[in-house]
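These figures come from a predicted structure and were not determined experimentally. Order of the sequence lines sets the chain letters (A, B, ...), proteins ahead of strands, with each chain counted from 1.
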2 protein chains.
Amino acid sequence: MGTPRTYTYDYPMPAVTVDCVVFGWDDNDLHVLLIERGEKPYEGQAALPGGFIQVGRESLEQAARRELEEETGIRNYHLEQLGTFGNPDRDPRYHVVTVAYFALVRKSDHRPRGGTDARSAAWCPLDEVPSLAFDHDEILAVAKKRLYGKLRYKPLGFQLLPRKFPLRDLQRLYETASGGEVDKRNFRKKVLEMGILEDLNETESDVAHRAARLYRFNESAYRKRSRDGWHFEL
Amino acid sequence: MGTPRTYTYDYPMPAVTVDCVVFGWDDNDLHVLLIERGEKPYEGQAALPGGFIQVGRESLEQAARRELEEETGIRNYHLEQLGTFGNPDRDPRYHVVTVAYFALVRKSDHRPRGGTDARSAAWCPLDEVPSLAFDHDEILAVAKKRLYGKLRYKPLGFQLLPRKFPLRDLQRLYETASGGEVDKRNFRKKVLEMGILEDLNETESDVAHRAARLYRFNESAYRKRSRDGWHFEL
DNA sequence: GCAAAAGTGTTTCCCCTACACCCATGG
DNA sequence: CCATGGGTGTAGGGGAAACACTTTTGC
């Protein structure tokens, strides 16, 4: 270990952190990944996973991925910047500017992890989220709005569903996001006519009724159509 | 003046700046506001206006507005966060995280200011922008993309046009953003049927032919329709 | 055979598109 | 009176919306 040292500047400096809003989908509901804070400000309260960036050594996105892996072990997911929050009093200690990220993971890909992790990360249904530390309530609200808006015109839903999924599940996700019901036939027709889903000729198993056909998102088909000026919309 | 002092921390800290991409519209072209750098890194080169935040004293948006007023004198404009750029090597001196903002101003509202200002801010047509300092090229590219995209589904165009404008000018702006031609009759019909433009019963002056009718964006009508679930699209 | 969900076609209506001519004004 | 842009209506086609019944499977 290096000897403890300090860093001196001519002006006061802000701290910079990244915070991640990680969404997961569980058959019927959206969930967010929350941690329980183990340290001083807001100790014991729920918060978004995140932490300080390594100054001079990593980009913001790298920092977000690093923090997320350290705290939750997850890898391979959609990650995009959400926005930056920097009110001087958002952290009671000193001025902390946080760059919020927005992640979509397939819950099914990552072992259940019964919540018994280093800093106990746990999934929380989106409509049962408690009051969060710092301004994380606000960040979460922005993320939610962004997710719901973006699902309509970008194929983000496929980042939440398992790789193989029945159309019904996709429809459920879209109904959740739009807050309304969707006509089954029109939905299927529209989605299939996009030509971005691959029919796997497989069916669900372990269901107590007729098993549904499984599909997979065909990313290269999506990219090809996008290049040709088409754009996704649901 | 206080005596010069220094600030000491247990960890290295990044600097945080704000940079603004300010768009203006000039009858036929989009312009960006650029400054010429008067200081060391990239001295003499064009750059986006911006500067350091006042740690512990202001929010990010306040910082953006302050910098913009200091450097250009403009006030009252649409401002929104664009994104944050924090690669450790984006500034050759040390790690600087910059929060980029995106502003739309009515060029007509602000005196021409023949470029002879403190740090010489000047309008530059969007397709004649030189190579910029730092990663400002990248920031500008993101801003452009965002502007073009957002004009379609948010009434941002009215923040660029003068308060009173003929429909032709609105159409030109949309043609610029979409990169294509638009049918005059369909455009007018669609825009007027939205019910968010107020017909001023006035006409242009000083034109060498039939004078066009002037309109004004009716913000409260827009908000009312939005509340009722309608959404703007062009 | 029944409960439970999967899967499928057709018609209607509206909105977007394409398109060409007359009008007002200044010079 | 002519040049320049302002302003208007209509017909046709395509995609979204509405809507009900048959099929498969496990129990």
Side-chain angles (χ1 to χ4, degrees), chain A residues 26-29 151-153 161-162 164-216 225 228-234, chain B residues 26-29 151-153 161-162 164-216 225 228-234:
Chain A
D26 191 12
D27 274 10
N28 271 312
D29 290 300
L151 276 173
R152 287 186 208 126
Y153 65 93
L161 296 171
K164 304 173 174 188
F165 56 87
L167 292 184
R168 170 203 5 115
D169 284 10
L170 185 64
Q171 182 178 343
R172 288 235 183 91
L173 176 54
Y174 275 85
E175 285 175 336
T176 299
S178 70
E181 303 243 315
V182 172
D183 182 273
K184 183 170 46 157
R185 283 168 291 192
N186 294 332
F187 182 81
R188 296 171 147 259
K189 207 183 315 168
K190 196 168 174 183
V191 170
L192 290 176
E193 278 171 0
M194 285 189 205
I196 58 172
L197 290 191
E198 182 181 353
D199 183 338
L200 295 170
N201 290 314
E202 276 180 71
T203 54
E204 292 178 302
S205 46
D206 301 326
V207 288
H209 49 73
R210 178 175 178 179
R213 212 156 241 280
L214 295 177
Y215 294 84
R216 177 164 55 186
R225 293 210 63 180
D228 299 342
W230 169 79
H231 85 276
F232 180 92
E233 177 146 18
L234 265 181
Chain B
D26 191 12
D27 274 10
N28 270 314
D29 291 300
L151 276 173
R152 288 188 206 124
Y153 65 93
L161 295 170
K164 301 174 175 188
F165 58 87
L167 292 185
R168 172 207 358 119
D169 285 10
L170 185 64
Q171 184 179 341
R172 287 235 184 91
L173 176 54
Y174 274 86
E175 285 175 336
T176 299
S178 70
E181 304 243 313
V182 172
D183 182 275
K184 182 168 51 155
R185 283 168 291 194
N186 294 335
F187 182 83
R188 297 171 147 259
K189 207 184 315 167
K190 195 167 172 183
V191 170
L192 291 176
E193 277 171 359
M194 286 189 208
I196 59 171
L197 290 190
E198 183 180 353
D199 183 338
L200 294 170
N201 290 315
E202 276 181 71
T203 55
E204 290 179 303
S205 46
D206 300 325
V207 287
H209 48 72
R210 178 175 177 178
R213 212 157 242 280
L214 295 176
Y215 294 84
R216 177 164 55 185
R225 293 210 61 181
D228 299 343
W230 171 80
H231 85 276
F232 180 91
E233 177 145 18
L234 264 179

| Separation of D:dA16 P from A:Arg188 CZ (nearest whole Å) |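 So the CZ-P distance, A:Arg188 to D:dA16, works out to 18 Å.
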| request: Check the distance between C:dA6's P and A:Leu170's CG and give it to me in whole angstrom. | output: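 From A:Leu170 CG to C:dA6 P: 13 Å.
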| field | Candidate list B:Arg168, B:Lys164, B:His209, test side chain to side chain donor-acceptor pair (under 3.5 Å), partner B:Glu204, passing option | value |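 Considering B:Arg168, B:Lys164, B:His209, a side chain to side chain donor-acceptor pair (under 3.5 Å) with B:Glu204 is found only for B:Arg168.
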| Distance, rounded to the nearest Å, where A:Asn186 contributes CG and C:dT11 contributes P | 15 Å
| Roughly how many Å is it from CD in A:Gln171 to P in C:dG7, rounded to a whole number? |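 After rounding, the gap between these two atoms is 11 Å.
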| field | Residue met sooner reading DNA chain C from 5', once B:Arg185 and A:Leu167 are mapped to nucleotides | value |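 In this pair, the answer is A:Leu167.
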| Do the side chain of A:Glu198 and the main chain of A:Arg216 share a donor and acceptor less than 3.5 angstrom apart? | no
| message | From NE2 of A:His209 over to C1' of D:dT23, roughly how many Å is that when rounded to an integer? | response | 14 Å
| request: Consider the side chain of A:Arg210, meaning its heavy atoms from C-beta on, and name the nucleotide among C:dT17, C:dA5, D:dG6 that approaches it most closely. | output: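 For A:Arg210, the side-chain atoms sit closest to C:dA5.
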| message | Please determine whether any donor N or O and acceptor N or O are separated by less than 3.5 Å between the side chain of B:Lys189 and the base of D:dT10. | response |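 Counting by modelled atom types and ignoring angles, a donor-acceptor contact under 3.5 Å is found here.
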| request: To the nearest Å, give me how far apart CG (A:Leu234) and P (D:dA16) are. | output: 10 Å
| Under 3.5 Å donor-acceptor pair, A:Lys190 side-chain atoms to D:dG15 base atoms |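 In this structure, the two groups form no donor-acceptor pair.
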| task | Over all heavy atoms of both residues, which pair between A:Leu197 and A:Tyr215 is shortest? Give the atoms and the distance, please. | result | CB-CD2, 4.2 Å
| field | A:Lys184 NZ to D:dA20 P, straight-line distance once rounded to whole Å | value |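 In whole Å, D:dA20 P and A:Lys184 NZ are 13 Å from each other.
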| said: From CZ of B:Phe187 over to P of D:dT8, roughly how many Å is that when rounded to an integer? | reply: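 Computing the B:Phe187:CZ to D:dT8:P distance gives 14 Å.
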| said: Using modelled atom types and a 3.5 Å cut-off, is there a donor and acceptor pairing between side-chain atoms of A:Tyr174 and backbone atoms of A:Leu151? | reply: yes
